Protein chains: 2
Amino acid sequence: MTITQLKYVLAVAEHQNFTKAAETVFVTQPTLSMQIQKLEDELEAQIFDRSKKPIELTNIGHKIVNQARNIVNEANRIQDIVDQQKGFIGGEYKIGIIPTVMPTLLPMFLKTFTQKYPKVELRIEELNTSDIIKKLSDGHLDAAIAATPLMNDSLKERVLYYEPFVGYIPEIHSLSKKQYLETSDLDINDILILEDGHCYRESIFNLCKTSKRHAKENFQLKSGSFETLVKLSKEGLGMTLLPYLHTLDMTEDEKKRLRFFNEPSPAREISLIYHKSELKLQITTALYDLILSIIKGAIAFQDVKIISPLSKD
Amino acid sequence: MTITQLKYVLAVAEHQNFTKAAETVFVTQPTLSMQIQKLEDELEAQIFDRSKKPIELTNIGHKIVNQARNIVNEANRIQDIVDQQKGFIGGEYKIGIIPTVMPTLLPMFLKTFTQKYPKVELRIEELNTSDIIKKLSDGHLDAAIAATPLMNDSLKERVLYYEPFVGYIPEIHSLSKKQYLETSDLDINDILILEDGHCYRESIFNLCKTSKRHAKENFQLKSGSFETLVKLSKEGLGMTLLPYLHTLDMTEDEKKRLRFFNEPSPAREISLIYHKSELKLQITTALYDLILSIIKGAIAFQDVKIISPLSKD
DNA sequence: TAATTTTATTGCATAAATCTATTACAATGA
DNA sequence: TCATTGTAATAGATTTATGCAATAAAATTA
């Protein structure tokens, strides 16, 4: 049994296809087939059921794959240990960020990070929360930034900041006269919400007192941006809620239409998330510390009420 | 990096000597040297400090060795998983037993075990507690039987039985008239104790109310057997304490000199111990279940007071 | 300093891994 | 039914890795 063989097994298990798996591990299909056969012979157990199309894991195969992931993870960690001991911060580092955080947070830390850690090759990807969980779990991401808590046992979270929600109230709106908003002011049928995986949207639903989850809506907004929301709001289609950081680069005119909540303001918790195996922890910690030091200047709210991104049905 | 290389590293780390390490992994010394050099090149880190005699681990080497042990353990577990899934109970299984348990317990289960699990190749070794802990930790033993609790985080214990201590009181002894003993009757200076690692002896010391740990003794008894103790006791050199199972095959005459304790009787806890990594757990569990079913017929005491094998200085 | 022990180096044989080319097999659709 | 397609298995050639024996080099001990 070799670590290489285990990596091959993981690739096939993931793609359910020998040919595709072979590509991802940069060998030819016969090579991969033979190595997997050798491992199966050695263990005297079938890992894959090749009669099914696409290929499936056998009962025992599932357990072997889980253990293989374990071993490969632990093996990867050896280089981590060496890097850490040497104080070396480098190598490829893949990070996922949810769409509603990406445009505000990334510009704040990206330049500083790449300057401070030039040997790290950052690969940044915009992903929704469920994809992030998937990719962190199977090792396709080293870390991610998303709304938390995720209540996922195999992931670790370190809170970066609490981002309050701010109301954008068009001039003609009834709430326009109020200086500060209350949670009880909100009516789900009157708020424009971004369709965004199941993350930001869920938060708002949980926030509304009058929340009938499947309230009738005149229209559905998919893959929109906050910019669009604000424009629709201006057209009188309702108020909207924006995460605080999105309000910072608004025009002065627009800012006049913002209404903050009375404390404790509803807020979302944004965290750096990574697998509990803590691979590449040096880089993760470096990233965490950097973002934290930057965000402290941008967000300074006292008392917030965290809205969980998870629906509680 | 290969699993083989990691095994070579572990061997050198253990023996602090390339030549001896090579023997234990059944390759020549040059082969082993080269593989370790290759690994060091790949990791760009020195694992061993070859300038020291005997060879020492570098700082980073220590961490690499720990992680290597992890990986090799996890790798071994794959065959375990396959065996378990198939219900196969077999392979080499190394077990250590403390001297004061060996002669009474081993005969009770050995024959039945080898008959029930003919494919398991049992390797039994008499070891004292500290050697057992060492060998369980570094993987040279799969399980052990010893007095517990050991308070060792990397080991797991499953209690097999509680074995009460029984007094052997020579006829001329003052306690001879009593039907049952009390813990308070015991005087450390009057009891013959077996020198036995630091396990059985410590138990007795903790038991005596009058325990001055470094009480003067007229003589010291090393590596004796209970048989010797009983004979010395008969000579009038004092009473002695025997674990219950050792009293079962005494002659009727000798049994007349036995005095049990009033309940709760002082007792030692005997457990099956194994590494928390739970390698070969199927066999361990099979062994545990078997011993438990056998011992139930032999020991049936209600209320006992467990004497810890650890000194509490 | 010589003898001994231990690790590193060299050259060669063998085993293993990988590649290319091809075959085999099953599912799909004309 | 028979190409077509997608996919895994097999065969043979090639490259790479692993291992051994012999020996050199370094360190230790007598």
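Each chain gets a letter, A, B and so on, in the order the sequences are listed, and its residues count up from 1. The shown structure was predicted, so the numbers you read here are calculated from the model rather than taken from an experiment.
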With a 4.0 Å cut-off, would you call E92(A) and R123(A) a salt bridge?
->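 Salt bridge between E92(A) and R123(A), a charged N being under 4.0 Å from a carboxylate O: yes.
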
Check your understanding: Is a salt bridge present between D41(B) and K38(B), judged by a nitrogen-to-oxygen distance below 4.0 Å?
Key ->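 No, no charged N to carboxylate O under 4.0 Å.
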
Inset, instruction - Compare every heavy atom of I78(A) with every heavy atom of A68(B), then report the nearest pair and how far apart it is. - result: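 Closest pair (atom of A68(B), atom of I78(A), distance): N-CD1, 4.4 Å.
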
Of all the heavy-atom pairs spanning E40(B) and I47(B), show the shortest one and how long it is.
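Heavy atoms of E40(B) and I47(B) come nearest at OE2-N, 2.8 Å.
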
Figure out the [atom1]/[atom2] separation between [X] and [N], and round it to whole Å.
X      : N       : atom1 : atom2 : value
M1(B)  : dA17(D) : CE    : C1'   : 17 Å
I55(A) : dA27(C) : CD1   : C1'   : 14 Å
Q35(B) : dT16(D) : CD    : P     : 17 Å
I36(B) : dT7(C)  : CD1   : P     : 10 Å
F18(A) : dA26(C) : CZ    : C1'   : 15 Å
L39(A) : dA16(C) : CG    : P     : 15 Å
K7(B)  : dT18(D) : NZ    : P     : 14 Å
D49(A) : dA8(D)  : CG    : C1'   : 13 Å

Base, sugar-phosphate, or nothing for [X], non-hydrogen atoms under 4.0 angstrom?
X      : value
P54(A) : nothing
S33(B) : sugar-phosphate
T28(A) : base

OP1 or OP2 of [N] under 4.0 Å from side-chain N/O of [X]:
X      : N       : result
T31(A) : dC19(C) : yes
Q29(A) : dT7(D)  : no
Q37(B) : dT9(C)  : yes
N17(A) : dG6(D)  : no
T19(B) : dT7(C)  : yes
Y8(A)  : dT18(C) : yes

Pairwise 5' ranking along DNA chain C for Q16(B) and M34(B), keeping only the more 5' one: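 The residue closer to the strand's 5' end, by nearest nucleotide, is Q16(B).
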
ask   = Between dT10(D), dT7(C), dT7(D), which one does the side chain of R50(B) approach most closely?
value =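 Between dT10(D), dT7(C), dT7(D), the one nearest the side chain of R50(B) would be dT7(C).
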
Here's a test for you: under side-chain hydrogen bond (donor to acceptor under 3.5 Å, both in side chains), which of K135(A), E14(A), K94(A) qualifies with H140(A)?
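Of the listed residues K135(A), E14(A), K94(A), the side-chain hydrogen bond (donor to acceptor under 3.5 Å, both in side chains) partner of H140(A) is E14(A).
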
